[in-house]
Amino acid sequence: MAYELYYWDGIQGRGEFVRLTLEESQTDYIDVARQTGRGMGTGAMLELMRSKDEPQIPFAPPFLRDGDMIISHVANILFYLGAKHGLLPESERLRHVANGLQLTITDLVAEVHDTHHPISTSLYYEDQKDAAKARAGAFVRDRIPRFLGYFEQVLQQNPRGPRHAVGDAISYVDLSLFQVIEGLRYAFPKAMGSVVGDYPALMALHGEVAKRPNIKAYLNSKRRLPFSEDGIFRQYPELDLVP
Ligand SMILES: N[C@@H](CCC(=O)N[C@@H](CS)C(=O)NCC(=O)O)C(=O)O
């Protein structure tokens with residue numbers, strides 16, 4: 001039976017990290033909110049989240065349904081899928097290393113979100129622009145080098161070589177790092193343009209993931225929505241400051 005992925009319609013958002021893993025592993029899935037018909041659409045997703053009967057209601061999308069199991073949070077979903085579909089090392093030690101790396105990506109994504117919504121998710125960007133500018137300045141100056149420098153070091157220090165974040169094969173962490181670089185380059189083109197040379201292994205990984213046949217086919221498909229100013233990675237020129 002196909003997995004059901006629940007995520008907001010019309011944007012890549014956090015759901016994209018899950019889609020990349022499903023697409024790379026060629027696993028059947030239904031992107032529920034993007035479908036119409038019985039049990040489909042955003043309405044069905046909200047109904048499930050508000051259900052009074054469901055014993056495992058998730059706090060927020062994305063979440064995944066596999067039969068009667070509902071799994072929430074990107075890192076948790078990827079841990080589940082990676083183990084089942086060969087995108088996580090076999091060793092328990094490395095599985096926890098991978099999970100730690102993915103949770104660091106979760107932290108990074110939250111900080112990216114806060115560059116355009118530093119005060120409240122329930123306010124419009126336009127209502128928090130001054131704070132966003134201050135927050136984005138600090139993010140570009142301090143946090144991009146901190147996070148990307150860390151992931152570069154992880155790749156360089158992988159005993160199995162710098163092509164992968166963990167072990168000697170592709171994992172969902174590599175796919176997520178690809179998405180992070182894609183997103184940061186979209187949101188902060190000037191800032192990223194001035195620092196890409198500092199992260200050779202990360203940039204090489206990004207290029208290698210983009211060339212993988214299943215990922216390439218996905219990126220060229222209609223299922224891959226473009227980045228936009230409704231998603232996590234937003235391009236506001238006034239926030240794209242050269243460090
Ligand atoms: N830690 C969660 C974050 C989930 C999250 O913040 N989802 C957003 C959409 S990208 C949402 O709908 N949040 C609703 C809310 O926080 O009330 C994850 O990594 O999946």
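One-based numbering, in listed order, for ligands and for the atoms of each.
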Where the side chain of His116 meets the backbone of Ala132, is there a donor-acceptor pair that is under 3.5 Å apart?
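Pair absent, no side-chain N/O of His116 close to backbone of Ala132.
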Taking Arg234 for the side chain and Glu229 for the main chain, is one N or O donor matched with an acceptor at less than 3.5 Å?
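Yes; at least one donor-acceptor contact below 3.5 Å.
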Which of these, Gly15, Pro58, Pro62, Pro61, has its nearest heavy atom closest to atom 7 (N) of ligand 1?
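Looking at heavy atoms only, the winner is Pro61.
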Kindly identify the option in Met45, His73, Met49 whose heavy atom sits closest to atom 1 (N) of ligand 1.
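Checking each option, the heavy atom nearest atom 1 (N) of ligand 1 is found in His73.
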Which atoms form the tightest heavy-atom contact between [X] and [Y], and what is the distance?
X: Val112; Y: Ile232; result: CG1-O, 3.7 Å
X: Pro58; Y: Ser72; result: CB-CB, 3.9 Å
X: Ser120; Y: Gln128; result: O-NE2, 2.8 Å

Starting from [atom], find the nearest protein heavy-atom neighbour and note its residue, name and distance.
atom: atom 6 (O) of ligand 1; answer: Arg14 NH1, 3.3 Å
atom: atom 13 (N) of ligand 1; answer: Ala60 CB, 3.6 Å
atom: atom 16 (O) of ligand 1; answer: Phe59 CE2, 3.7 Å
atom: atom 12 (O) of ligand 1; answer: Trp8 NE1, 2.8 Å

Does only the side chain of Ala110 get under 4.0 Å from ligand 1, or the backbone, or both, or neither? Count heavy atoms.
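It is neither; nothing of Ala110 touches ligand 1.
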Please state which part of Tyr7 comes within less than 4.0 Å of ligand 1, counting heavy atoms only: side chain, backbone, both or neither.
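Under 4.0 Å from ligand 1, Tyr7 contributes side-chain atoms alone.
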Exercise: do Tyr125 and Lys129 side chains pair donor with acceptor under 3.5 Å
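Side-chain D/A pair, Tyr125 to Lys129: absent.
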Any donor-acceptor pair under 3.5 Å linking the side-chain atoms of Tyr29 with those of Glu23?
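Indeed, the side chains of Glu23 and Tyr29 share at least one donor-acceptor pair under 3.5 Å.
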Suppose I only count heavy atoms of Val74 and a 4.0 Å limit; which atoms of ligand 1 are within that range?
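Within the 4.0 Å cut-off of Val74, ligand 1 contributes 18 (C), 19 (O), 20 (O).
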